[in-house]
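Accompanying notes for the structure given below.
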Amino acid sequence: MIKKILVFDTTLRDGEQVPGAKLNLYEKLEVAQQLKRLQVDIIEAGFPSSSTGDFNAVKEIAMKVGNTDEIMITALARAVKSDIDAVYNSVKYAENPLIHIVLGTSDIHVEKKLGKSKSQILDIGVDAVKYAKTLLPDVQYSTEDASRSDFEYLWSTIEGVVKAGATIINVPDTVGYAEPEEFGELIFKLHDRLKNLNDKILLSVHCHNDLGMATANTLAAIKNGADKVECTINGIGERAGNAALEEVVMAVNTRSSVYKAFTNINTKEIMNTSRLVSSFMGLDVQVNKAITGDNAFAHSSGIHQDGLLKSRDAYEIISPLEVGLDDMELILTARSGRHAVKNALAKLGFDQLTETQFEGIFEAFLELADAKKEVYNHDLYVLVENYYTKHDIHNQGMVHYSDNFYELMDIQVISNPIFPSASVKIKKADQILKSSAVGSGPIDALYSAITEISDLDIKLIEYNISSVSRGKEALGKVKIQVEYKGEKYTAKATDTDIMKASALAYINVINIILVDSLLPIK
């Protein structure tokens with residue numbers, strides 16, 4: 001029997017506890033609306049007793065996002081009346097509100113953090129649930145640090161709060177201490193007892209990633225009876241983060257026969273949600289992160305590219321289209337093999353090359369790839385034309401595409417708070433083009449100067465800088481995403497001079513646009 005797993009997203013509560021990731025009201029609403037499009041079942045919108053701002057944000061989300069019974073809105077409360085009142089008064093505007101109460105159950109939390117006896121804590125929890133039930137019909141109770149709790153005391157707490165009216169029991173691995181086998185066993189035992197006590201109660205889990213096992217523990221819980229999982233987008237959250245929603249959901253989707261479960265998540269919205277959260281919170285997603293990392297569906301190894309071109313399932317268990325990406329990305333680097341380069345050339349119309357011609361072009365490709373790291377389609381055009389010119393090959397009807405491409409010659413950027421400006425010298429065919437511009441900052445000025453030369457109506461959507469090496473001579477990598485005529489384009493460049501890398505990335509993206517939309521493809 002395959003069962004539905006409810007997905008509870010706590011990006012706006014646990015995720016926002018990351019230092020520096022605080023969102024304003026507008027940003028919280030935007031993320032909540034996107035989570036609604038993602039079709040999560042429950043949004044934890046914040047911790048309303050922590051500040052007036054958080055209270056107002058939860059209230060706005062309840063009113064504007066929770067205005068349908070298809071999604072539940074909740075917020076966190078400690079087991080005290082004022083917290084519970086704050087949650088109620090902020091989430092009550094939703095069609096489907098929920099009060100979420102948390103209180104520790106481990107010896108460490110009970111004795112050292114809370115400074116009370118186990119019986120006192122149990123009574124506090126029961127009383128909190130009883131009070132919350134006078135306000136709303138749905139109450140979730142989280143047994144904080146459950147994975148380090150004495151099992152019988154944990155069960156006594158669960159039994160007590162269920163009898164007091166809790167409708168959802170959440171079992172957190174608060175400090176990421178559990179491992180999948182033992183956590184699965186814990187959930188199995190609790191599920192067995194809980195269903196015998198009251199089979200209408202939902203069993204939930206909330207796993208942290210301190211030992212890198214949050215997703216594995218969450219999946220182990222699903223296999224052992226969990227009805228609901230708590231996650232965050234990109235796995236953000238306190239310390240090392242939470243179970244990543246996209247990883248849990250795609251594991252369940254991909255291996256449904258193993259987990260015997262499904263979710264209601266619209267997976268095609270995963271990348272949109274990931275990028276929105278990353279942008280608003282200023283938290284970059286590591287490039288090799290599962291599902292949402294830049295390299296998750298990119299292939300640069302020649303062996304992998306060859307296998308993928310022969311059969312997609314050779315190295316691809318998830319189609320990038322499933323998570324809202326474009327089709328697979330074969331990145332041409334020095335590691336790319338002949339099959340990938342030949343395939344890329346064929347897509348550009350160079351599908352009638354002799355073996356000798358291809359080998360000559362491939363040799364030039366390897367030299368360029370060693371120098372440039374990544375090779376784009378406009379580079380391939382230039383390589384082919386250079387080969388034809390060098391060998392005096394007159395290809396009938398051949399258009400000199402390279403005459404349309406831009407090449408950076410020189411830049412000068414002045415950065416100051418009063419008058420940031422930039423000057424660029426760019427080559428196009430036999431022309432040397434120059435432009436200067438001012439802007440709100442040095443990058444704005446630089447890109448304005450280049451845009452003036454290209455005369456393309458390009459909108460910069462994303463600009464990221466990262467270091468790819470260490471020390472004074474560290475290489476800086478710039479990755480940009482732009483929009484042109486409704487289509488999005490991405491390009492990268494690397495250099496020890498970050499301004500030069502920025503200019504090269506922008507020129508790369510302009511050349512990509514020219515290949516894609518301005519030039520006739522053979």
Side-chain angles (χ1 to χ4, degrees), residues 1-11 15 31 34-44 70-72 180 183-184 187 191 202-207 209 212-237 241-278 285-299 304 307-308 311-329:
M1 178 180 175
I2 295 191
K3 71 172 183 177
K4 179 183 175 181
I5 301 296
L6 296 175
V7 177
F8 175 116
D9 184 274
T10 183
T11 300
V31 171
Q34 180 57 37
L35 291 172
K36 188 176 184 179
R37 287 189 283 271
L38 186 64
Q39 294 176 199
V40 303
D41 300 284
I42 305 169
I43 295 175
E44 186 168 46
E70 293 177 359
I71 193 166
M72 185 174 270
F183 195 65
I187 299 306
H191 174 266
L202 297 177
L203 181 59
S204 168
V205 294
H206 175 113
C207 297
N209 205 40
M213 292 188 281
T215 296
N217 283 331
T218 302
L219 293 170
I222 290 173
K223 290 178 75 173
N224 284 279
D227 304 296
K228 178 173 83 67
V229 294
E230 299 195 357
C231 308
T232 59
I233 301 301
N234 298 329
I236 63 173
N242 293 50
L245 180 147
E246 61 277 2
E247 294 175 13
V248 173
V249 167
M250 293 312 297
V252 168
N253 277 22
T254 307
R255 304 300 307 277
S256 59
S257 61
V258 173
Y259 297 107
K260 295 179 172 54
F262 70 97
T263 71
N264 196 44
I265 294 296
N266 176 8
T267 62
K268 287 184 170 58
E269 288 294 333
I270 283 176
M271 286 308 304
N272 286 338
T273 314
S274 168
R275 287 167 177 164
L276 184 70
V277 169
S278 174
V285 180
Q286 67 188 65
V287 294
N288 62 324
K289 162 131 184 9
I291 313 301
T292 55
D294 279 352
N295 292 350
F297 297 96
H299 309 274
H304 283 222
L308 283 159
S311 178
R312 293 290 291 263
D313 58 6
Y315 290 103
E316 191 177 87
I317 60 169
I318 300 169
S319 167
L321 300 173
E322 287 182 54
V323 298
L325 283 168
D326 294 329
D327 210 350
M328 70 173 178
E329 184 181 6

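Just so it is clear, the structure is predicted and the values come from calculations on it, not from any experiment.
Counting heavy atoms from C-beta on, the side chains of V249 and I291 never come closer than 4.5 Å. Contact check for I71 versus I42: no side-chain heavy atoms found under the 4.5 Å cut-off. Looking only at side-chain heavy atoms (C-beta outward), L38 and L245 come within less than 4.5 Å of each other. In this structure the side chain of H206 reaches within 4.5 angstrom of the side chain of T10, judged on heavy atoms. Contact of the N242 side chain with the E230 side chain is not registered, since no non-hydrogen atoms from C-beta on lie closer than 4.5 Å.
Rounded to the nearest 0.5 angstrom, C231 SG and E44 CD are separated by 12.0 Å. Distance check, rounded to the nearest 0.5 Å: CG of D41 to OG1 of T263 gives 8.0 Å. With rounding to the nearest 0.5 Å, the separation of CG in L219 from OH in Y259 is 4.0 Å. Separating the OG atom in S278 from the CD1 atom in I236 is a distance of 9.0 Å, to the nearest 0.5 Å. Note that CD1 of I233 is 5.5 Å distant from CG of L35, once rounded to the nearest 0.5 Å.
Every residue two or more places apart in sequence or in another chain that forms a side-chain hydrogen bond (donor to acceptor under 3.5 Å, both in side chains) with N272 is listed here: E269. The side chain to side chain contact (heavy atoms under 4.5 Å, CB included) search around Q286 returns N288, K289, not counting sequence neighbours. Evaluation of the side chain to side chain contact (heavy atoms under 4.5 Å, CB included) rule for N217 yields D173, A178, P180, F183, C207, M213 as partners, not counting sequence neighbours. Partners of K260 under the salt bridge (charged side-chain N to carboxylate O under 4.0 Å, His left out) rule, at least two apart in sequence or in another chain, do not exist in this structure. When the side-chain hydrogen bond (donor to acceptor under 3.5 Å, both in side chains) test is applied to S204, the partners found at least two apart in sequence or on another chain are N170, K228. Looking at residues two or more places apart in sequence or on another chain, you find no salt bridge (charged side-chain N to carboxylate O under 4.0 Å, His left out) involving K223.
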inquiry  = Could you walk me through whether K4 and N264 satisfy the side-chain contact (heavy atoms from CB on, under 4.5 Å) test, starting with their C-alpha distance in whole Å, then the side-chain angles of each, then the deciding distance to 0.1 Å, before giving a yes or no?
reply    = CA-CA 8 Å; K4 179 183 175 181; N264 196 44; 3.7 Å; yes

ask   = Could you go step by step and tell me if V323 and M250 meet the side-chain contact (heavy atoms from CB on, under 4.5 Å) rule?
value = CA-CA 9 Å; V323 298; M250 293 312 297; 3.9 Å; yes

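Each of N234, V277, T273 was compared with T292 under the side-chain contact (heavy atoms from CB on, under 4.5 Å) criterion, and only N234 meets it.
The minimum heavy-atom distance linking N209 with A214 is given by the pair OD1-N, 3.0 Å. Looking at every heavy atom in both residues, A226 comes nearest to I5 through O-CD1, 3.3 Å. Across all their heavy atoms, V252 and A261 have their closest contact at CG1-O, 3.4 Å.
When atom types are taken as modelled, the side chain of T267 and the backbone of E322 share a donor-acceptor pair closer than 3.5 angstrom. In this structure, D227 contributes its side chain and L203 its backbone to a donor-acceptor pair below 3.5 Å. In terms of modelled atom types and a separation under 3.5 Å, the side chain of E246 and the main chain of I270 share no donor-acceptor contact. Using a distance-only test at 3.5 Å, with no hydrogens or angles considered, no donor-acceptor pair links the side chain of D9 to the main chain of I43. Although no hydrogens or angles enter the test, the distance criterion places no donor-acceptor pair under 3.5 Å between the side chain of T11 and the main chain of G15.
Residue R37 places its CZ atom among more than 12 non-hydrogen atoms of other residues, nucleotides or ligands, all under 6.0 Å distant.
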